[in-house]
Amino acid sequence: LFIAACGAGGSGGWRRSIRVQRIRYRFVIFVSSGWGCLGAGLSVLVSRVSGMQATQRSARLVADELRAAVVAERRAEAAKLALVCELADCYRSVLPALDLPGAPQLVSAGGDGTCEIDEFLVQEIHPLLGVGPAAAWSLLRQATNLRDRHPKVWALVQAGVVPAWQGRQVAELCQALPCEAAGYVDEQIALPLAHLPWPRVRRRLMGLIVAADTELAAEQAARARRGRFVRVKHNDDGTSWLLALLTTAEAFRLEETVSWIARSVCDDPGYGGSPDEARADALGVLVTPSEAGQSVVVGSAPATLVVHLDRGALAQSPDSLGAVGRVEGPGGLDDIGPVLLDQVCELLAHRRVRVLPVLDLAGQISVDAYEIPDRLRNQVQLRDSYSVFPYDTRRARGCDLDHTIPWRRGGPPGQTATSNLAALGRRSHRAKTFGGWQLNQPRSGVFDWTSPLGYRYRVDHQGTTWLDDPNRLNTPSRE
């Protein structure tokens with residue numbers, strides 16, 4: 001580190017060179033005049049180095065205490081769920097045997113397969129917890145469902161691997177499933193819960209719920225379809241509210257058409273409205289007959305259908321393949337939940353479907369250039385699915401593709417390769433480049449991270465594992 005300290009003499013003054021060795025930092029200071037300037041400058045530098053080291057040590061200590069607080073919170077919430085279930089098992093009203101109108105009854109605590117409880121238990125619990133009866137019933141139902149219908153997830157919650165609120169959400173979302181189907185979901189969701197952030201877990205969970213009982217899912221879809229409506233509520237200022245419930249396919253086609261017309265409206269140089277106004281005007285165009293009596297027809301965007309297969313799925317009954325799919329893409333498509341085959345047909349209706357060559361995600365593609373060809377880009381995006389930063393939720397298709405080992409001009413051939421690329425969100429990419437995060441890719445699709453404070457994480461296709469986690473022994477194995 002070279003620091004020029006110039007006094008009144010300016011650059012024409014004499015110079016002295018002094019080397020100061022402190023730990024592994026070397027400072028070379030050039031002084032033009034005035035030893036006082038040297039002493040003060042050197043003192044500031046040394047104090048800054050010592051301050052940085054002290055800050056790093058204290059930051060690690062605070063971070064360790066924060067992690068300990070998270071672990072303690074998880075254990076306390078797990079203990080609360082266990083105590084609620086134990087109280088449900090042993091609580092009975094003072095006079096439970098009275099066969100009189102209004103006397104307490106034993107009722108089901110939750111879904112199929114849960115224990116029966118005294119209906120007056122909630123009257124005991126809700127003032128005890130300081131919440132209303134509805135919140136107490138919700139806690140009671142979710143706790144008993146979790147314990148009795150999802151033993152693997154329950155064990156993870158009790159071990160502190162998974163926070164209690166996530167376990168409660170699993171139990172609530174599976175409430176309508178029969179006990180056997182709930183057990184299937186429990187088997188499949190335990191590993192993702194331990195390694196993925198909740199938004200990604202929930203998306204996978206909704207697909208598992210549909211796959212666990214496709215007949216129930218079809219009945220629910222048909223019931224929801226019968227509930228469609230369009231309502232208009234008029235205001236006093238010349239505007240009106242339009243509220244509608246449509247099938248997802250209809251809503252997506254409407255969204256495409258409105259967006260296409262709105263872009264045309266905004267392209268008019270004389271239009272002074274906002275983008276939202278343009279969309280409202282576009283909807284008005286749709287319902288206003290043209291002079292020729294023709295409606296507006298907008299061509300649908302092309303669609304790409306990607307079928308993911310694995311050896312385990314192929315070894316099973318072929319009839320089970322493709323029963324449930326998922327939709328991904330911009331414009332809100334990521335928000336569409338799991339879809340059945342007939343719903344996929346609705347979504348793809350009137351579209352040009354593009355069939356891509358099969359990509360072997362385990363294969364290796366490499367080129368010498370820095371630029372990434374489309375085939376390699378598609379392979380890495382499909383392999384990673386999401387940003388490979390620990391617990392990230394950004395889709396890989398919206399990420400930068402980063403060279404794990406930086407590309408060097410004149411370096412070895414094949415630097416831009418499947419095994420040297422990683423999908424990273426822009427902020428995560430910057431953190432790796434400028435923020436002190438270190439990344440190693442020991443094999444293709446496996447990423448080992450070290451944070452500036454020294455915490456280590458491993459990210460792969462199953463999610464994130466915190467390698468320094470004291471509960472790691474309780475975490476389900478990836479193998």
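Keep in mind it's a predicted model, so treat the numbers as computed, not measured.
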Original post:
Around K152, counting heavy atoms of other residues, nucleotides and ligands shown, do more than 12 lie under 6.0 Å from its NZ?
Top reply: no
Original post:
With a distance cut-off below 6.0 Å to the six-membered ring centre and an angular limit of 45° from the axis, does R397 pair with Y386 as a cation-pi contact?
Top reply: no
Original post:
Ion pair present between D186 and R149, side-chain N to carboxylate O less than 4.0 angstrom?
Top reply: no
Subject >> Heavy-atom donor-acceptor pair, T144 side chain to L140 backbone, under 3.5 Å >> reply: yes
**OP:** Decide whether a cation-pi geometry holds between R231 and F229; the criteria are a distance under 6.0 Å from NZ or CZ to the six-membered ring centre and an angle within 45° of the ring axis.
**Re:** yes
Original post:
Would you say the side-chain atoms of D384 pair up with the backbone N or O of A422, donor to acceptor, closer than 3.5 Å?
Top reply: no
Original post:
Got a sec, which residues hit side-chain hydrogen bond (donor to acceptor under 3.5 Å, both in side chains) with D392, two or more places apart in sequence or on another chain?
Top reply: S387, S428
**OP:** Mind checking side-chain hydrogen bond (donor to acceptor under 3.5 Å, both in side chains) for E277 and listing every partner two or more places apart, or none if nothing turns up?
**Re:** S274
Original post:
How about T464 and R458: do any of their side-chain heavy atoms sit closer than 4.5 Å?
Top reply: no
Original post:
For I405, does the CD1 atom have more than 12 heavy-atom neighbours from other residues, nucleotides or ligands under 6.0 Å away?
Top reply: no
Subject >> Donor-acceptor under 3.5 Å (D468 side chain, Y455 main chain) >> reply: no
Original post:
Under 4.0 Å between a Lys/Arg side-chain N and an Asp/Glu carboxylate O for K80 and E77?
Top reply: yes
**OP:** Could you tell me whether R456 and D448 make a salt bridge, using a distance below 4.0 angstrom between a side-chain N and a carboxylate O?
**Re:** no
Original post:
Charged N to carboxylate O below 4.0 Å: is that the case for R279 and E255?
Top reply: yes
Original post:
With R394, which residues qualify under salt bridge (charged side-chain N to carboxylate O under 4.0 Å, His left out), at least two apart?
Top reply: none
Original post:
Are Q379 and T418 close enough that a side-chain donor and a side-chain acceptor fall under 3.5 Å?
Top reply: yes
